[in-house]
Structure formats: C-alpha cells, structure tokens
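Following: one structure in structure tokens, then a few remarks.
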Amino acid sequence: MHFQKKPDWHIGEAEATPEEIFLNRRQILMAMGIGAAGSLSGGLLLPSLSRAAQEDPSASLYPVPRNEAYELDRELTPEEVNLRYNNFYEFGSHKEIHKAAQALKTRPWEVRIDGAVEEEKTVAIDDLLKAMPLEERLYRHRCVEAWSMTIPWSGFAMKALLDYSQPTSKAKYVRFETFHDKEMASGQSQFWYPWPYVEGMTMEEAANDLAFMVTGAYGKPLAKQFGAPLRLALPWKYGFKSIKSIRRITFTAERPVSFWEQLAPTEYGFWANVNPDVPHPRWSQATERVLHTGDRVPTLIYNGYGEQVAGLYDEIGKSEKIFY
Ligand SMILES: Nc1nc2c(c(=O)[nH]1)N[C@H]1C(S)=C(S)[C@@H](COP(=O)(O)O)O[C@H]1N2
Ligand SMILES: [Mo]
C-alpha cells in the first residue's frame with residue numbers, strides 16, 4: 001500500500017512532543033488550584049474525564065493488589081495528564097482525542113479467541129475478568145514519537161491468557177485485532193489506513209512475564225481513551241505494539257503484519273524493541289521527553305527491561321534486523 005497521507009507521528013523530533021501538552025498541564029494544574037508540579041497523586045478526583053470508568057460494570061473489581069516486583073525509577077505520570085494525552089487513531093490523529101474516544105461502546109464486549117487453539121471460543125469481557133488473576137503493575141511506556149510516561153496498569157499476565165486459550169503446537173505467533181466500526185469510531189472512515197488495527201508477537205514474547213493484558217489503570221477500569229476494556233502493555237517495545245480495545249486474539253503459524261508495519265515497514269517493524277542506538281529513519285531515539293515533567297532523559301535499551309527480555313532476541317538478532 002502506498003502512503004496517501006502521513007500519520008501525525010511522522011514528524012521531526014523537534015515537534016515530537018507538542019507544546020500543547022505543557023500548556024495543558026499548566027491549565028489543568030491551575031484549574032485544580034495546584035501550583036507546583038510533582039504533588040499530584042492518582043487519588044485526586046477527575047469529575048468529567050473518568051466518569052465513564054466509574055460507571056463501568058467491572059468497577060467493583062478495582063483496585064487490585066499491586067505486584068511489587070515491578071518498580072519504577074521515576075514518579076508516576078499523573079492520571080490527569082495521561083487521560084488527556086493519547087494515541088488512538090480510530091478516534092482521530094490529534095492529541096486531544098479523549099473526548100472523541102468517549103464514543104467507544106465497551107459493553108456488550110466479546111473477545112474472540114481463535115486459530116491454533118484446542119477449542120475456539122468467544123468470551124464476554126466480564127466473564128474473562130472473573131476468570132483471570134488481576135494485579136496492578138507500575139510500567140514505563142515509551143512511544144516511538146520519543147515521549148514517555150509511567151502508568152499503574154491493572155490486568156493479568158499474558159501467560160494467564162495463554163493458559164486460558166490453550167494454543168496448540170502450531171501456534172508460533174499471537175495476533176491481536178481491535179474493533180472495526182466506523183459508525184462508532186470516525187477515524188476508521190479514513191480509508192488510507194488498513195483497519196482494523198492489528199498487532200502481534202511471538203509465542204515466546206507472549207509467554208514472557210512482562211507481557212501484560214491491561215483491563216484497568218489508576219485503580220479503576222480502563223478509561224475509554226486508554227483502550228477499554230482490554231489492551232496490551234509490552235513495556236520493552238515501542239508504544240504502538242500495545243494495541244487497544246482488543247476484540248480478537250488469534251493464534252497462528254504466520255507472522256502477523258501489524259497496522260503500522262503495513263503502512264511503513266521500514267519505520268515501524270514487527271519487533272519494535274526500544275533501542276536508543278537505532279534511530280527512526282527521521283529522528284533520533286537516543287532520548288525521550290517525560291510527559292508531565294518535560295525532562296529529556298536518555299532512552300534505555302529495551303526501555304530498561306533488558307534483564308527480563310534480552311534473552312528472547314539472542315537467536316533472532318543473528319539472522320534478522322530486529323529493531324524496526
Ligand atoms: N487500537 C489502537 N491501539 C493503539 C493505538 C491506536 O491508535 N489504536 N496507538 C498506539 C500508540 S502509538 C501508543 S503510544 C499507545 C498509546 O496509549 P495511551 O493513549 O494509553 O497512552 O497506544 C497504542 N495502541
Ligand atoms: Mo506511540
């Protein structure tokens with residue numbers, strides 16, 4: 001497919017973190033009567049932005065116990081900031097999509113599990129939530145646009161999903177697919193994108209402890225703009241791998257071609273492991289801008305998770321260019 005229009009993250013590094021986030025932050029802090037940064041906690045009330053999450057039928061499941069094994073080296077990004085800074089192309093390509101994303105209907109919501117599994121099935125999200133061991137993990141998130149954030153995600157290990165799905169020996173990859181409904185999501189009328197959004201990983205990556213299925217954030221069900229009711233978090237990979245609002249999970253022998261890979265394979269490849277030494281073709285990945293504080297800090301190999309995941313790539317690294 002040829003590029004008809006470049007997505008908004010096809011921008012130079014200087015523009016990679018729009019000034020508006022800093023304006024927003026100031027406006028939010030002023031509206032809340034808070035002068036200094038760093039004093040915000042996730043516990044502050046957010047009357048309009050998280051109302052939908054509070055009305056979610058799974059609300060009584062949260063908060064879930066924190067798994068203390070996952071520690072951060074920096075403070076959490078305040079919920080107020082995160083709720084207003086999202087990528088969700090189904091609802092547009094601007095950075096103020098939190099309003100547009102409220103059109104997402106999260107119930108009824110069924111997840112189809114198919115392909116190379118003992119038995120294909122369709123499960124309602126609330127039944128899946130009851131069957132899975134929920135926990136909270138503090139994770140870093142590094143977008144390919146060179147900004148980063150930290151989030152308290154709630155959800156379950158992808159390992160638990162593998163046990164639940166019972167893949168057969170034919171399964172080499174897991175493919176994830178988002179909803180496809182242009183009546184609900186206006187961005188999906190943009191015909192030059194290969195909807196629906198698809199992502200994938202190897203079975204070995206899926207079985208890694210870090211791979212996390214996200215159902216909540218900040219001690220509540222996922223807000224719509226975060227990709228309710230079910231999304232991924234693969235913190236050692238660029239953010240576009242962490243697909244939102246998952247409808248279908250397919251176990252397959254074929255390597256899935258993801259949404260961005262289909263659009264620009266030399267820029268957004270299958271592996272997409274965070275690597276400060278491999279620049280994006282049009283900007284450096286050596287540093288990142290931390291949302292909220294605005295600090296520019298060095299980017300770490302595998303986004304700082306090398307101890308857990310580097311071993312996955314020993315073999316592949318020899319035969320294939322694994323970043324981008
Ligand atoms: N379905 C879908 N999933 C998606 C995206 C998207 O546009 N659609 N954007 C990706 C990108 S580029 C990033 S950085 C993260 C952003 O997650 P956040 O909005 O919760 O910060 O979601 C990823 N998952
Ligand atoms: Mo991203």
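Values below: all heavy atoms of this structure, side chains included; hydrogens, waters and symmetry mates excluded. Order of appearance sets the numbers: ligands from 1, and atoms from 1 within every ligand.
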Going by the order shown, which atoms of ligand 1 are within less than 4.0 Å of some heavy atom of Thr178?
1 (N)

Backbone or side chain, does any N or O of Trp147 fall under 3.5 Å from an N or O of ligand 1?
no

Taking the non-hydrogen atoms of His141, is any one of them nearer than 4.0 angstrom to ligand 1?
yes

Close-contact set for ligand 1 against Cys143 heavy atoms, below 4.0 Å:
14 (S)

Under 6.0 Å from the ring centre and within 45 degrees of the ring axis: does the NZ or CZ of Arg255 meet both conditions for the six-membered ring of Phe270?
yes

Short N/O distance, under 3.5 Å, between Ser242 and ligand 1?
yes

Is there a ring-ring contact (aromatic ring centres under 6.0 Å, His included) between Trp153 and Tyr218 once you walk through the steps?
CA-CA 7 Å; Trp153 292 130; Tyr218 296 94; 7.9 Å; no

Path from Leu72 to Leu300 over hydrophobic side-chain contacts below 4.5 Å
no

Contact region, Glu90 to ligand 1, non-hydrogen atoms below 4.0 Å, reads side chain

Under a 4.0 Å heavy-atom limit, does Met149 contact ligand 1 with its side chain, its backbone, both, or neither?
side chain

In terms of side-chain geometry, is the basic nitrogen of Lys220 or Glu79 positioned less than 4.0 Å from the acidic oxygen of its partner?
yes

Is the closest side-chain donor-acceptor distance between Arg140 and Thr150 under 3.5 Å?
no

What verdict does the ring-ring contact (aromatic ring centres under 6.0 Å, His included) test give for His292 and Trp147, after you've listed the backbone C-alpha separation in whole Å, the side-chain angles of each residue and the deciding distance to 0.1 Å?
CA-CA 10 Å; His292 182 59; Trp147 55 265; over 10 Å; no

Rounded to the nearest 0.5 Å, how far apart are CG of Asp126 and CZ of Arg107?
4.0 Å

For ligand 1, find out whether one of its N or O atoms is nearer than 3.5 Å to an N or O atom of Asn87.
yes

Which of the numbered atoms in ligand 1 are below 4.0 angstrom from a heavy atom of Ile243?
3 (N), 24 (N)

Quick test of your reading of the structure: of Phe240, Tyr268, Tyr89, whose heavy atom lies closest to atom 7 (O) of ligand 1?
Tyr89

Tell me, please: is Glu145 in heavy-atom contact with ligand 1, that is, under 4.0 Å?
no

Have a look at Glu199 and tell me which of Lys241, Arg231, Lys244 forms a side-chain hydrogen bond (donor to acceptor under 3.5 Å, both in side chains) with it.
Lys241

